[in-house]
Amino acid sequence: MSKLTRFLATAFVFLAAWLATLLGYVPVPEIAMEFVPALPLWIIVSFGAYSLASIGWSLVTFGDCPEAHQELLQEIQQAKADLRRLKVTVD
Amino acid sequence: MASLLTSLMGGSSATTRVASGDSLGLAPSDKYSVLLPTYNERANLPVIVWMLVKVFREYGINYEIVIIDDNSPDGTLDIAKQLQDAYGKEHIVLNPRPGKLGLGTAYIDGIKRATGNYIIIMDADMSHHPKFIPEFIRLQKQNNYDVVTGTRYTGSGGVHGWDLRRKLTSRVANYIAATLLQPGVSDLTGSFRLYKKPVLSKLISATISKGYVFQMEMMVRARQFGFTIGEVPITFVDRVYGESKMGADEIVGYLLGLFNLFAST
């Protein structure tokens with residue numbers, strides 16, 4: 001089963017259960033009916049908020065490693081000097 | 001072990017490291033083949049080869065570098081021949097091809113030529129630094145991993161030379177992929193990796209995608225086959241010479257490829 005079919009199957013089961021509850025086929029306490037209608041929207045909004053927070057956090061903590069750049073530039077100079085000695089063309 | 005001996009003998013391990021694979025847990029028969037697909041890398045190739053040789057010599061690692069050049073008009077192959085003269089045919093293996101045939105087939109051709117039992121793939125443009133290779137080897141040996149992949153996104157890893165927009169694109173792309181595919185690897189599109197040779201052969205033959213999605217599919221397939229994967233934080237210095245390209249076409253291609261993988265694995 002592919003990831004897509006698994007996702008669709010899960011979504012279908014959830015939506016069916018949600019509809020059945022909404023239409024009164026599943027007995028739930030009165031109080032639950034206060035939030036059951038908003039459940040899918042709530043899930044979507046939560047997922048969106050989680051995604052934004054997750055991407056935002058990973059942007060803030062993105063490593064810039066300027067020292068790796070410096071080190072590389074120095075090493076390139078060393079390499080070029082040595083390569084010329086080995087008769088390799090370096091521009 | 002090697003450093004202990006050196007210090008007992010009064011040598012300075014900081015300046016003259018003893019060339020020995022002991023600290024990495026190498027077996028005498030271990031050989032590492034680096035596959036370097038090149039296209040117009042005349043400026044980068046000699047430097048990356050020099051840095052590779054430096055690391056391999058320092059750690060006493062048995063190695064070869066397979067250069068797969070797709071008939072670069074800038075004469076990359078001539079430079080590769082000079083490198084072969086400088087470092088020897090047993091260390092520099094040339095695999096020229098008649099034209100631009102793509103990354104997937106470059107690896108297939110490279111594997112055919114490779115004589116090592118381990119394969120390292122990396123970019124030839126110096127965005128990947130060979131100094132991380134001993135870390136890859138050490139981690140692979142410790143846990144007998146089938147694959148070790150470099151990650152820019154955890155621990156001490158990072159990227160130099162990206163503006164906010166490029167970082168955001170990369171983060172969003174990686175987030176969508178991680179959410180849809182659940183690969184358990186933090187850097188899906190990375191291309192600095194160490195493979196056991198048979199593992200890479202099997203993954204390549206199972207992988208159909210191209211471009212950015214190619215590297216991603218390799219990880220997804222690896223999970224599918226039940227291969228074990230380790231991660232090493234790496235720094236990525238975006239092209240010092242030349243420009244790195246990431247346009248709208250690439251993004252659309254990436255999303256389509258991602259969806260294909262989502263629907264097919």
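First the proteins, then the strands, lettered A, B, ... as listed; each starts at 1.
Within 6.0 Å of atom CZ in Phe14(A), more than 12 heavy atoms from other residues, nucleotides or ligands are found, so the atom counts as buried in its surroundings. For Phe225(B), the CZ atom counts as densely surrounded, since its 6.0 Å shell holds more than 12 non-hydrogen atoms of other residues, nucleotides or ligands.
Between Phe227(B) and Arg221(B) the shortest side-chain heavy-atom distance does not fall below 4.5 Å. Residues Val36(A) and Leu22(A) form a side-chain contact, since some pair of their non-hydrogen atoms from C-beta on lies under 4.5 Å apart. By the 4.5 Å heavy-atom criterion applied to side chains, Thr154(B) and Asp187(B) are not counted as neighbours.
Classification of Arg85(A) and Asp82(A) as a salt-bridged pair holds, one side-chain N sitting under 4.0 Å from a carboxylate O.
For Val53(B), no part lies under 4.5 angstrom from a heavy atom of chain A. The contact between Tyr175(B) and chain A is made entirely by side chain atoms (from C-beta outward), counting heavy-atom distances below 4.5 Å. Contact of Glu71(A) with chain B is made through the side chain alone, with heavy-atom distances under 4.5 Å. Leu73(A) touches chain B through its side chain: at least one heavy atom from C-beta onward sits under 4.5 Å away, while N, CA, C and O do not. In this structure, chain B has heavy atoms under 4.5 Å from both the backbone and the side chain of Ser58(A). When heavy atoms are compared at a cutoff of 4.5 Å, Ser51(A) approaches chain B by way of both its backbone and its side chain. With a 4.5 Å cut-off on non-hydrogen atoms, Ser156(B) does not touch chain A at all. In this structure, chain A has a heavy atom under 4.5 Å from the backbone of Ser264(B), while its side chain stays farther away. For chain B, the nearby parts of Val88(A) are the backbone and the side chain; heavy atoms of each come within less than 4.5 Å.
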Could you go step by step and tell me if Phe236(B) and His160(B) meet the ring-ring contact (aromatic ring centres under 6.0 Å, His included) rule? CA-CA 6 Å; Phe236(B) 180 96; His160(B) 183 270; over 10 Å; no
Between Leu94(B) and Lys89(B), is a side chain to side chain contact (heavy atoms under 4.5 Å, CB included) present by the stated rule, with each step listed? CA-CA 9 Å; Leu94(B) 302 186; Lys89(B) 278 191 159 65; over 6 Å; no
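Classified by interplanar angle (parallel below 30°, tilted 30° to 60°, perpendicular above 60°), the ring pair Tyr153(B)/Phe62(A) is perpendicular.
Among Val159(B), Leu180(B), Val237(B), Asn174(B), the residue making the largest number of heavy-atom pairs under 4.5 Å with chain A is Val159(B). Listed options Ile48(B), Ile79(B), Val49(B) were ranked by heavy-atom pairs under 4.5 angstrom with chain A; first place goes to Ile79(B). The greatest number of non-hydrogen atom pairs below 4.5 Å with chain B, out of Thr61(A), Thr5(A), Leu86(A), is found for Leu86(A). Put simply, of Lys131(B), Arg152(B), Lys81(B), Gln182(B), the one with the most heavy-atom pairs under 4.5 Å next to chain A is Lys131(B).
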